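Positions are given from 1 along the sequence. A quick note: this is a predicted structure, and the numbers were derived from the prediction, not measured.
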Amino acid sequence: MAFRSRSVMLCRVALGLQPRNLSYRPRCHQICRYVTVSHEVEKPFQEVQIPVPWGYVAGKWWGDQNVQPVLGLHGWDDNCATFDTLAPLLNLPSFLTVDIMGHGMSSYFPIFGASNFMDAVILLRRIVNYFEWNKISIVGHSFGSAMGFTYAGIYPDDVEKLVGIECARSLLSDTQPLLERLRDTMEQTLAIEEKMVASDPPDYTIEELVDKMYEGRFKSVTRESCAVLLRRGMKKSEKNKDRYYLSRDPRVKPSWIGCAQDEQLMELARRMKCKVLSVRGKQGFLLSGAVERVYVQTLKEIKQCEHHDVDGSHHLHLNNPENVAPLINKFFSV
């Protein structure tokens with residue numbers, strides 16, 4: 001019970017809903033230092049909004065906004081706060097992390113069908129065109145790394161460096177038959193849209209939301225890290241005091257359609273010209289069966305690829321950023 005109480009307190013601190021006890025030094029000191037809303041510490045980032053035809057893409061710009069940044073792309077159903085513990089440890093002059101449409105603080109995508117993976121890749125191209133960048137570098141986690149991987153294969157001359165943390169390119173090649181996947185995704189999407197029209201989203205206490213995210217991520221994210229993600233992933237209920245709801249678009253939950261198949265993944269890998277750093281968690285999601293096979297095959301096809309297996313879960317960059325930051329810093333220093 002004491003452990004549970006301490007865990008809840010740390011989550012409330014990370015969410016900025018409980019003042020820090022400066023005499024107390026929790027294990028997640030980086031979360032408290034860099035993420036807690038506090039008048040004592042100036043935020044090392046600037047909130048930004050990038051216009052898109054359906055609204056805007058929100059993000060956090062770390063460092064010098066006069067320098068072209070490395071782009072940070074988060075995982076599926078997460079948001080750009082996934083980099084909050086890692087960003088302060090990176091020796092990057094400028095780092096822009098964005099909420100993919102429908103996630104975090106970004107606008108929902110228009111309602112006209114199931115979520116298509118290529119829409120996320122096109123979003124990356126929109127951001128590049130908006131800032132008029134010629135060549136970019138990317139740090140991506142899971143779904144975000146798959147976006148970067150696909151983009152680097154489609155635009156091989158436009159990407160300089162790519163970091164893939166638990167790169168989900170292998171998950172794009174689903175073992176479920178394609179037509180069954182399409183049917184299931186369409187039916188789930190239509191059912192979700194009906195609920196969105198008929199009722200308000202369900203709300204929860206903070207502790208319930210933390211538990212929901214913790215269990216929903218298969219305990220890959222610590223409870224403290226769940227609280228970090230919820231900083232951008234929840235909104236206060238207008239009807240029920242002290243209750244909150246998940247702010248992300250519910251339509252991102254079903255499988256995204258439009259993903260590449262095995263041979264297309266290999267061709268993307270063969271086309272890539274950029275330098276690649278691949279980081280995989282030793283307790284992550286990419287270590288079994290067909291998923292690992294595709295993961296290893298694509299690594300072999302990339303010409304300039306450095307790979308590391310690192311202690312940690314699928315969210316190792318968020319839970320244990322000190323294990324990942326040195327690899328990224330070295331990669332960008334040469």
Give me the one residue out of L162, I165, L71 that meets side-chain contact (heavy atoms from CB on, under 4.5 Å) with V139. I165
Could you verify whether a donor N or O on one side chain and an acceptor N or O on the other, from N319 and S313, lie under 3.5 Å apart? yes
As an exercise, state the distance from CZ of R126 to CG of L123, rounded to the nearest 0.5 Å. 7.5 Å
Side chain to side chain contact (heavy atoms under 4.5 Å, CB included) between M118 and T150, intermediate numbers included: CA-CA 9 Å; M118 288 308 299; T150 305; 4.3 Å; yes
Is there side-chain contact between W54 and S106, with heavy atoms separated by less than 4.5 Å? no
A quick test of your reading: do over 12 heavy atoms of other residues, nucleotides or ligands sit less than 6.0 Å from NZ of K236? yes
Same apolar cluster (I L V M F W Y, side chains within < 4.5 Å links), F131/M147: yes
For K219, does the NZ atom have more than 12 heavy-atom neighbours from other residues, nucleotides or ligands under 6.0 Å away? no
For R232, salt bridge (Lys or Arg N to Asp or Glu O under 4.0 Å) partners two or more places apart: E47, D99
Same cluster or not: are M196 and Y244 linked, directly or through other Ile, Leu, Val, Met, Phe, Trp or Tyr residues, by side-chain heavy atoms under 4.5 angstrom apart? no
Backbone of P93 reached by a side-chain donor or acceptor of D64 within 3.5 Å: no
Test your reading of the model: is there a side-chain donor-acceptor pair from D311 to the backbone of K282, 3.5 Å cut-off? no
Could you grab the distance from atom CG of L90 to atom CD1 of I328, nearest 0.5 Å is fine? 5.5 Å
Would you say Q49's side chain and A58's backbone share a donor-acceptor pair under 3.5 angstrom? no
dist L277:CG -> C305:SG (nearest 0.5 Å) comes out at 8.0 Å
In Å and rounded to the nearest 0.5 Å, what is the OG1 to CD distance from T189 to E194? 11.5 Å
Please say yes or no: joined through hydrophobic side-chain contacts below 4.5 Å, possibly via intermediate residues, are L73 and Y130 part of one cluster? yes
Indicate the atoms forming the closest heavy-atom contact of S237 with N240, along with that distance. OG-N, 3.1 Å
Does any part of the side chain of W62, heavy atoms only, come nearer than 4.5 Å to the side chain of F83, both counted from C-beta? no
Does any N or O in the side chain of S115 come within less than 3.5 Å of the main-chain N or O of R251, such that one atom is a donor and the other an acceptor? yes
So does R248 get a backbone contact from the side chain of Y108, meaning a donor-acceptor N/O pair under 3.5 Å? yes
Parallel, tilted or perpendicular, as decided by the 30° and 60° cut-offs, for the rings of H141 and H315: tilted
Using a distance-only test with no angle check, is there a side-chain donor-acceptor pair under 3.5 angstrom linking S142 and H314? yes
Between CD1 on residue I206 and CG on residue L230, distance to nearest 0.5 Å: 8.5 Å
Show me, pair by pair, the donor-acceptor contacts under 3.5 angstrom made by side chains of residues 152-159, not counting sequence neighbours?
residue: D157; atom: OD1; partner: K273; partner atom: NZ; Å: 2.7
residue: D158; atom: OD2; partner: R125; partner atom: NH1; Å: 3.0

Would you say that more than 12 heavy atoms from the other residues, nucleotides or ligands in this model lie under 6.0 Å from the NZ of K275, or not? no
Is there a side chain to side chain donor-acceptor pair (under 3.5 Å) between H74 and T97? Walk through the geometry before answering. CA-CA 8 Å; H74 64 78; T97 63; over 6 Å; no
Any non-hydrogen side-chain atom of L124 less than 4.5 Å from a side-chain atom of I138? yes
Just how far is it from atom NZ of K60 to atom CG of D84, taken to the nearest 0.5 Å? 3.0 Å
Answer yes if L327 and V70 sit in the same cluster of Ile, Leu, Val, Met, Phe, Trp and Tyr residues linked by side chain heavy atoms under 4.5 Å apart, and no otherwise. yes
Do other residues, nucleotides or ligands put more than 12 heavy atoms under 6.0 Å from N129 CG? yes
In terms of side-chain geometry, is the basic nitrogen of D211 or R223 positioned less than 4.0 Å from the acidic oxygen of its partner? yes
Take F117 and F143 through the ring pair (Phe, Tyr, Trp, His ring centres under 6.0 Å) test and state the conclusion after the steps. CA-CA 9 Å; F117 173 73; F143 184 89; 5.5 Å; yes
Determine the minimum heavy-atom distance between C167 and A146, stating which atoms define it. SG-N, 4.1 Å
E292: which residues meet the salt bridge (Lys or Arg N to Asp or Glu O under 4.0 Å) condition with it, sequence neighbours left out? R280
If you apply the rule side chain to side chain contact (heavy atoms under 4.5 Å, CB included), what do you find for L299 with S278, and how did you get there? CA-CA 8 Å; L299 285 180; S278 174; 3.7 Å; yes
Quick check: do H307 and V296 have side-chain heavy atoms less than 4.5 Å from each other? no
Count the heavy atoms of every other residue, nucleotide or ligand shown that sit under 6.0 Å from CD of E215, and state whether that count exceeds 12. yes
Minimal heavy-atom distance between R217 and D77, with the atoms involved, is NH2-O, 2.6 Å
Tell me, please, which residues at least two apart from W61 pass side chain to side chain donor-acceptor pair (under 3.5 Å). S94
Side chains of M213 and V221 in contact at under 4.5 Å (non-hydrogen atoms): no
Start with the C-alpha distance between L318 and E224, add both sets of side-chain angles, then the distance that settles side chain to side chain contact (heavy atoms under 4.5 Å, CB included), and finish with yes or no. CA-CA 10 Å; L318 174 58; E224 295 90 340; over 6 Å; no
Checking E166 side chain against G281 main chain: does a donor-acceptor pair fall under 3.5 Å? yes
Among residues at least two apart in sequence or on other chains, which ones pass salt bridge (Lys or Arg N to Asp or Glu O under 4.0 Å) with K195? none
Using the rule that Ile, Leu, Val, Met, Phe, Trp and Tyr join whenever any side-chain heavy atoms are under 4.5 Å apart, tell me whether I100 and M105 fall into a single cluster. no
Are I127 and I136 close enough that some pair of their side-chain heavy atoms sits under 4.5 Å apart? no
Note, F149 side chain near L268 side chain (heavy atom, < 4.5 Å): yes
Closest non-hydrogen contact found for G140 with S145 is O-CB, 3.3 Å
For E263, the salt bridge (Lys or Arg N to Asp or Glu O under 4.0 Å) test, sequence neighbours excluded, returns R270
For a 4.5 angstrom cut-off between non-hydrogen side-chain atoms, does Q188 reach K253? no
